[in-house]
Each structure stands twice: as C-alpha cells, then as structure tokens.
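Accompanying notes for the structure given below.
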Amino acid sequence: MPLPMKDKFTLPDGIIYLDGNSLGPLPKSVAPRLAGMVADEWGQHLIQGWNLDDWMGQPTRVGAQVGRLIGAPDGSVAMGDTLSLKVYQALSAAVQMRPERKVILSDSGNFPSDLYMAQGLIDQLEQGHELRIVSPEQVMDALTDDVAVVLITQVDYRTGRLHDMAALTAKAQSAGAVMLWDLAHSVGAVPVDLAASGCEFAVGCTYKYLNGGPGAPAFIYVRPDLIDGIRPAMAGWLGHAAPFAFEQTYRPARDIERMRVGTPPVMQMTALEEALRLWDGIDMADIRAASIALSELFIAQVEARCPELRLASPRDPDRRGSQVSFHFANGYAAIQALISKGVIGDFRAPDIMRFGFTPLYIDEADVRRAVDHLQDVLDNRLWDQPAFKTRSRVT
Ligand SMILES: *Cc1c(COP(=O)(O)O)cnc(C)c1O
C-alpha cells in the first residue's frame, strides 16, 4: 500500500495535522459505515442486532484486528472500556500473580492516569503495596526482588522516548516480575511483537494512531497461556462463562472474553472496526521507516530554522516513537499561534510543544510547510498575543 493515503481521510482544507498521536482523523469510510449501522442494524434489527449483526462477537473480532498490529495471536485481545480501566484490570490481575511481592514499578515518563490507577488499586487492596516511580533510564536497574509488576508505557507521551520492549520484558521476567506494557503511543506507530516479547499483559487505546474516533474502546492483551488462570477485577456479566445463564455467582469465561465487563459501545466499536480496515495490507515496517524519515526531516528543519526551540525527544530515531517534542518557554502560546495558521500540534506542561508524524496522511511537503509556519510564529513573535495565552480546558 503506497504511503501516504491522504484520500482515505477527511482532512479539512489547509490543515496540516500533526496531532494524530492524540486523536486520529476521520477515515472517510467511517461516516457511511456508521450511518448504515444506525439505520439498518439499530434502526431495523433493534435488539436482534446482537445476533443478526453479531454485535456480541464484535469486541473479540475487533480484538483480532488490533492483535495483528501488535503481534498478538487471535483470541488474546479483548476490546472495551477505556484505557485507564484496562490498566486497572491488567494491573490487578498482574499483582495477584505475585502475592508475595509488594512493589509496582513504573517510570516518571508514564502518563499520569496509569499512575493514578495504580495508586487507586493499591489503596483499594490495602495489602501494603507500593508504587515505585523511577526515571525511565533507571527502570532496568530498579528490578529488585520485591517488584511484583513492571508497568511501563512504551512511548513517553511527552518526549516520545521509546523503551526497548524485548530487553525490558526479558529483564523484568528474569527478576521474577510480571511485565505490563501500555501501548497507547505504540500501536499503529511502531512495530510491536507482543508474542515475541513474551510479556504477560498489554493495554492500549484506539483513538490515537488507530483513528477509532473520540472515546473509541481500549484493548487488553493477556498472554494466551495465562488467560485461564487470571482473576479479573471488575467481574461483569459479559466476562462470565455463560452470561445468559444469569447465574448468581461469577464464573469467568475460559477465554479472553473474561476481560470483558459490560455492554460494549457498539457504535464506537463499529467506527473502530471500519477504521481498522485501513491497515489491511500495511506493513508496520513501512510505517516505521516513513515515520522516521518525516521526524528526522522535521528535527533537521526546526533546528536549522528555529533556534529558540530545544529538542526534548531522543535524537536517536531508534529510541523515539512517532512524535517529536521541543522545549519552548512560551510553548503553549506558540502552539495556539501555529494552530491559527492551520498547523495542529499540541502542548504538554510545563513547556513541551508536541508533534506527531503519522505516515498514513503526512508527507514531506507537509513537514516543510509546518516548519515554514513555525519559523514565522517564532521569528515574528506571533505567539505574543493575549488570545494565544489563555489556556483552554484541553491543551
Ligand atoms: C492516552 C493515554 C491514556 C488515556 O486513557 P483513557 O482512559 O483512554 O482516557 C492513558 N494512558 C496512556 C499511557 C495514554 O497515552
């Protein structure tokens, strides 16, 4: 499949979209598919849609689609809920696998919600667990024999720093810990091979690089040999072995369905299922090569033309995901000024201007034009206006 494939997306005229790492754009085929689902399936089939249109099997079917992008065999990925909840679910199962150990190890580059969910679980358990947070560089050396679970987001949401999945998984497991990866900024951005890594758990969201739309369901991977033994937190009826037997006590399903909780968001799932069809015939190695070429061009151009900015991402492309960030004290206002000129990036406190490079719909000409605008914003201090300094609720 030749890249980019801009004609597959609805991209507003004049916009250069460098924020697909936060919310992917709308694939053109999603609107008609959703309209059809609403009119024909919900509208005509009513409750029979659960069987006639197999809404009930959709989370597992979509899980297999996602699984193909992360090296997970069919039947090892379940869809549903939000990523924060899937972190909780995976972490809870992981902690129970090492009852004699009390430390959940994470790093300071992790997304706050993952850390909050870990803290919340610890408080709920009241079993003396501790969340230990070290710098990303220290994780490998922090694998002491009290670590039960290593909870790491592979690509740092601020800097794009990329952890070595195979190496860290091997090290964690040789130290006796369970490995849980958060793939929020990895899936659809970098090649991932969960099966080869041997990690126990992985979770991720689908509204970023997978273009599933705002609020798209999250996913959870459980290594196949473990599925049968783990105890799901949030024991909902759709994770039951026989939901329609309506038994009074919970019995987990014998397959990955045990990670389901309640009724799936069928419309969101349908949008995602359609969006995922874009990946048919795409090789993640091609995506990765194109993403690195675009990011390298961006860094070279920005460093040559925007001396006020300082690179916040690793310089080595092998140690970076699909985003590039720069420090700039007036970063928030500069991003707003840039957006007013049609180049959409985003800002992460305290001073990070963040740009995502998604080869499905970004090409080299976009990168060069984006830097033209960025240089204009900086050289002419276009950011220095009150309107650009007022923070919105979402940055
Ligand atoms: C985007 C992101 C989230 C968001 O979680 P939601 O529950 O989907 O809002 C959580 N963790 C990481 C690492 C993320 O990048």
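Remember, it's 1-based here, ligands and their atoms both numbered in the order they're listed. When a residue number appears, it is its place in the shown sequence, counting from 1. Being a predicted model, the structure only gives us computed values, none of them experimental.
Close approach of ligand 1 to Ala184 (heavy-atom distance below 4.0 Å) involves ligand atoms 12 (C), 13 (C), 14 (C), 15 (O). With ligand atoms numbered from 1 in the order given, ligand 1 contributes 15 (O) to contacts under 4.0 Å with heavy atoms of His185. Close approach of ligand 1 to Asp182 (heavy-atom distance below 4.0 Å) involves ligand atoms 11 (N), 12 (C), 13 (C). Below 4.0 Å from some heavy atom of Thr153 lie the following atoms of ligand 1, by number and element: 13 (C).
Contact of the Phe111 side chain with the Tyr116 side chain is not registered, since no non-hydrogen atoms from C-beta on lie closer than 4.5 Å.
The protein atom (non-hydrogen) at minimum distance from atom 11 (N) of ligand 1 is Asp114 OD1, 2.7 Å. From the protein, the heavy atom lying nearest to atom 8 (O) of ligand 1 is Tyr207 OH, 2.6 Å. The protein non-hydrogen atom at the shortest distance from atom 5 (O) of ligand 1 is Ser84 OG, 3.5 Å. The nearest heavy-atom contact from the protein to atom 14 (C) of ligand 1 is Lys208 NZ, 2.9 Å.
Salt-bridge annotation for Glu364 and Arg369: absent, with no side-chain N of the basic residue lying under 4.0 Å from a carboxylate O of the acidic one. We find that Arg101 and Glu130 are not joined by a salt bridge, their nearest charged nitrogen and carboxylate oxygen being 4.0 Å or further apart. Lys6 and Asp363 are joined by a salt bridge, as a carboxylate oxygen and a charged side-chain nitrogen come within less than 4.0 angstrom of each other.
Classification of the Phe347-Tyr332 ring pair by plane angle, with boundaries at 30° and 60°, yields perpendicular. Ring planes of Trp237 and Phe246: parallel class, angle under 30° (limits at 30 and 60°).
By the criterion of a heavy-atom distance under 4.0 Å, both the backbone and the side chain of Leu83 are placed next to ligand 1.
Residue-to-ligand polar distances keep Asn110 apart from ligand 1: every N/O pair is separated by 3.5 Å or more.
Residue His163 is tested with Thr153, Asp107, Asp156 for a side chain to side chain donor-acceptor pair (under 3.5 Å); the sole match is Asp107.
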